[in-house]
Enquirer: 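Mind looking over this structure? Questions follow.
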Amino acid sequence: MSTCVMKRLDVWACRSDAVTLSEKLIRLQCVDVEVTPLKDDDITRFDASERIRDCEKRQQSVESALEPLYRYSNRKKKNGKRKLQTDPDDFVKAGGPADAQRIADGIISRKEELEALEKEETTIISFLRTLEPWREYEYPVDFSGTESTKFILGAVPVTVTDDVLDERLKDEAAAYREVYSSATMRNMVFISAARDAPSVLRRLNMCGFVRADFGEASGTAAELIRKCSERLKEIEKEKTDSDSMIRESAKNIEVLETYWDVIGTELAEARLRERLAATKNCVILRGWVPAVREEKTAAVLEKTDCAYELSDPDENDNVPVKLENNAFARNFEWVVAMYSLPAYGTYDPTFIMGICYVILFALMLADVGYGLLLVLGGFLAPKILHLPESTKRAFNMFGFCGIGSIITGVLFGGYFGDLPIAIMKTYFPEVTPPSTLALVVDPVLDPMTFLIIGLAAGVIHLLAGQAVNFAILWREGRKIDAVCDVGLVWVLYAGIALLIISPDVGKWVLISAVAALIITGGRNEKNWLKKPVKGLLALYGLINFGSDVISYARILAIALSGTVLAQVFNILATMVTVPVVGQIVMIVILLIGHVLNLALSALSGFVHTSRLQYIEFFGKFYIDGGRPYSPMLPSSRYTEPKYN
């Protein structure tokens, strides 16, 4: 199918109506607004920077207020909960923004108080550690001495004994006393003549002396310790009060979340206005609307003071691409987008690629157990976690691949590797287990047959790509190209196949196809000498086809690696046969081993299946280069806005 048909939207409005216009376009949720080009010196870009700064400032304050509230709520942040459906207009009319901002400001104020109290608490606790050794010191800590004496308080290492101090201070008019001693330091008070204090201090420094620093504190250490302890109690009470206020505000989470999205929508509107071109009196907007939304867009613009035009895109327009697929194929659109969106108006291969993707992935991960885990994780996880739509689609894709893995697992005998057989061998030795549980072929026991199956799947995949190319050419009216470039190639393949079944018939079919390809291969070449050369080059596609088919041998390699690794974990798990202990060890090894193997196998299957789509399949017909369709939307980080 083709990509969604788009209409170009051009709007001209008075500059004073720019806000109203942006609000209505945001609510439509279907307008992809371009940055309108400036084609004249008198035309400038609409300036909404002040509004953007205001919105960002308010949004940041709400974000800051929300952060502590989640600690006191059983609600999870963003994911893991259903989004609240709200009508932003009703919220605004009811004075919600003003109330929410007042709540946010109150929470931020309390939050800042808590931070200040915690900082003060840390400072006091640190100061208490400094004061504690001086608890028994009877003089005020800020007492520095008299006119003729100097008091020096500090600590020396315990290795500095009184003998050492006496030796150091023997020529000085100084005395000392130990106040407190710990395992590492001795807290001392030194008294010296005022004139000798600098010399005493120099001598002490040579002993590793550290002078006590009490800042601007005044009073004895015991008094200061008592005051600090009282202040810590007051701080604890103030913290409890502030904490209780924040806890009480947790009930307003939904109000703040709604307000955050209201601001986010205002911010989106302001950024939309910055894409407009503007003159002194009017603004100009250019955007894109899906054709199916043309009437609704026109109905909204009719009620707005503006002039508008909805038209078909020109040949040189960079039209955005919107993919439209059924419920199954939508889950594979992100895989296509990883490569590149199809160019506007070209074929969208998502549906057929999705079917091929499931089949190839299932061949690479052919295991019932792993497939069941993918199904459960792919379909249940998004419902339980309430994941956003984009993430949900990625999970669902692996869920569909898991269904394919269950089917191929039954066909090729994969049940967490060979776990049932391993358990039978260990716990039921009297029973002779089967060599395999496969209904068709076991890739470990018969890899060549499985290789043929993988290559056959590759041939079908490549032929499907050529069939898509044939259909595209035929639909575009290039029927001769379809027959000559694709149809004759199929006749060539048929001739090769008939050589095996009926050599006499196959020989003539093959000769006819080769002749036809040589004759028609250079049909568009004007130079008659080059026509046969181009015709011969057309046969080169057969070599390319063969090399492409060989690429599908990776199906066997990945299937074997996952299956063998699973069997290795099964062997390790069943090696310990001690009762109880053996069961516990087995369960642990099986859980860790198979989870690891599932992750590696699923990753390998995803990467290599995607490669086969991008290189082998898309290479037959795909025209890339599409620009993603990105309509301007209301903010929905926390809520689902529903406008009346």
Side-chain angles (χ1 to χ4, degrees), residues 19 22-30 48 50-115 241-273 381-395 630-644:
V19 174
S22 61
E23 288 177 355
K24 292 190 175 183
L25 292 182
I26 286 284
R27 295 185 183 200
L28 276 171
Q29 303 185 40
C30 65
E50 185 176 347
R51 181 65 169 174
I52 290 174
R53 285 193 298 270
D54 175 65
C55 289
E56 288 177 342
K57 181 179 178 181
R58 287 186 290 138
Q59 203 171 53
Q60 186 177 6
S61 70
V62 176
E63 186 77 25
S64 179
L66 275 171
E67 195 63 39
L69 297 188
Y70 289 112
R71 296 199 298 267
Y72 305 112
S73 173
N74 56 6
R75 287 261 314 278
K76 292 183 180 180
K77 187 177 180 181
K78 299 183 202 171
N79 292 336
K81 68 179 183 67
R82 290 187 182 278
K83 289 185 177 181
L84 178 69
Q85 292 190 354
T86 62
D87 186 334
D89 290 339
D90 290 345
F91 181 78
V92 173
K93 289 177 183 177
D99 293 340
Q101 189 64 57
R102 185 168 57 254
I103 293 170
D105 291 342
I107 294 171
I108 292 172
S109 177
R110 289 291 184 176
K111 184 179 174 183
E112 291 173 349
E113 288 176 10
L114 271 174
E115 291 173 352
D241 293 341
S242 296
D243 202 59
S244 297
M245 183 272 179
I246 295 177
R247 186 187 299 273
E248 180 66 20
S249 299
K251 64 185 180 183
N252 296 308
I253 283 181
E254 290 186 350
V255 175
L256 292 178
E257 288 178 340
T258 303
Y259 183 44
W260 194 98
D261 278 334
V262 167
I263 300 171
T265 300
E266 293 178 14
L267 185 59
E269 293 168 1
R271 287 173 175 161
L272 184 155
R273 291 194 290 274
K383 294 182 180 295
I384 295 172
L385 300 176
H386 305 293
L387 299 176
E389 187 64 26
S390 58
T391 309
K392 175 184 174 183
R393 290 183 181 182
F395 273 79
S630 301
M632 302 298 292
L633 302 173
S635 176
S636 58
R637 182 179 184 181
Y638 298 105
T639 63
E640 290 184 5
K642 302 291 182 182
Y643 295 98
N644 294 326

Enquirer: Can you tell me how far apart CD (Gln101) and CD1 (Ile263) are? Round to the nearest 0.5 Å.
Expert: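 The CD atom of Gln101 sits 6.0 Å away from the CD1 atom of Ile263.
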Enquirer: So how far is it from Lys642 NZ to Leu84 CG, rounded to the nearest 0.5 Å?
Expert: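 It comes to 11.5 Å.
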Enquirer: How long is the gap from CZ on Arg71 to CZ on Arg247, to the nearest 0.5 Å?
Expert: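 Those atoms lie 9.5 Å apart.
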Enquirer: CH2 of Trp260 to OG1 of Thr639: how many Å apart, nearest 0.5 Å?
Expert: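 Interatomic distance, Trp260 CH2 to Thr639 OG1, rounded to 0.5 Å: 9.5 Å.
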Enquirer: Could you report the tightest heavy-atom contact between Pro641 and Pro88, atom names first, then the distance?
Expert: CB-CG, 3.8 Å
Enquirer: Are side-chain heavy atoms of Pro634 and Asp261 found at a separation under 4.5 Å?
Expert: no
Enquirer: If you measure from the Lys or Arg side-chain nitrogens to the Asp or Glu carboxylate oxygens, is any gap between Glu389 and Arg393 under 4.0 Å?
Expert: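 Yes, Glu389 and Arg393 are salt-bridged.
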Enquirer: On a heavy-atom basis, which atom in Ala100 and which in Val255 lie closest, and how many Å separate them?
Expert: CB-CG1, 3.9 Å
Enquirer: Just wondering, more than 12 heavy atoms not from Gln60 lying within 6.0 Å of its CD?
Expert: no
Enquirer: Less than 4.0 angstrom from a charged side-chain N to a carboxylate O is my criterion; do Lys111 and Glu67 meet it?
Expert: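 Answer for the salt bridge query: no.
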Enquirer: side-chain contact (heavy atoms from CB on, under 4.5 Å) between Tyr638 and Leu66: does it pass, once the steps are laid out?
Expert: CA-CA 12 Å; Tyr638 298 105; Leu66 275 171; 3.9 Å; yes
Enquirer: Does a salt bridge link Glu248 with Arg110, judged by any charged N lying under 4.0 Å from a carboxylate O?
Expert: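 Arg110 and Glu248: not salt-bridged.
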Enquirer: Can you find a pair of side-chain heavy atoms, one from Ile107 and one from Leu256, that are under 4.5 Å apart?
Expert: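 Of all side-chain heavy-atom pairs linking Leu256 with Ile107, at least one is under 4.5 Å.
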Enquirer: Does some side-chain heavy atom of Leu267 sit less than 4.5 Å from a side-chain heavy atom of Ile52?
Expert: yes
Enquirer: Can you spot which of Lys57, Arg58, Arg637 makes a salt bridge (Lys or Arg N to Asp or Glu O under 4.0 Å) with Glu63?
Expert: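 It is Arg637, the one option of Lys57, Arg58, Arg637 that forms the salt bridge (Lys or Arg N to Asp or Glu O under 4.0 Å) with Glu63.
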Enquirer: In Å, rounded to the nearest 0.5 Å, how long is the span from CG of Asn252 to CG of Asp99?
Expert: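 Output value for this atom pair is 9.5 Å.
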Enquirer: Are Thr86 and Phe91 close enough that some pair of their side-chain heavy atoms sits under 4.5 Å apart?
Expert: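 A side-chain contact is absent here, since even the closest heavy-atom pair is not under 4.5 Å.
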Enquirer: Just verifying a value: how many Å separate Ile26 CD1 and Arg271 CZ, rounded to the nearest 0.5 Å?
Expert: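 Reported value, rounded in 0.5 Å steps: 11.0 Å.
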Enquirer: Grab the two heavy atoms, one from Val19 and one from Ser22, that are nearest each other, plus how far apart they are.
Expert: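 Heavy atoms only, the tightest pair is O-OG, 2.8 Å.
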Enquirer: Regarding Arg102 and Asp105, does a basic nitrogen lie under 4.0 Å from an acidic carboxylate oxygen?
Expert: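 No, no charged N to carboxylate O under 4.0 Å.
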Enquirer: Could you tell me which non-hydrogen atom of Leu387 sits nearest to which non-hydrogen atom of Thr391, and how far apart they are?
Expert: CD1-CG2, 3.9 Å
Enquirer: Under a 4.0 Å threshold between the charged nitrogen and the carboxylate oxygen, would Arg51 count as salt-bridged to Glu269?
Expert: no
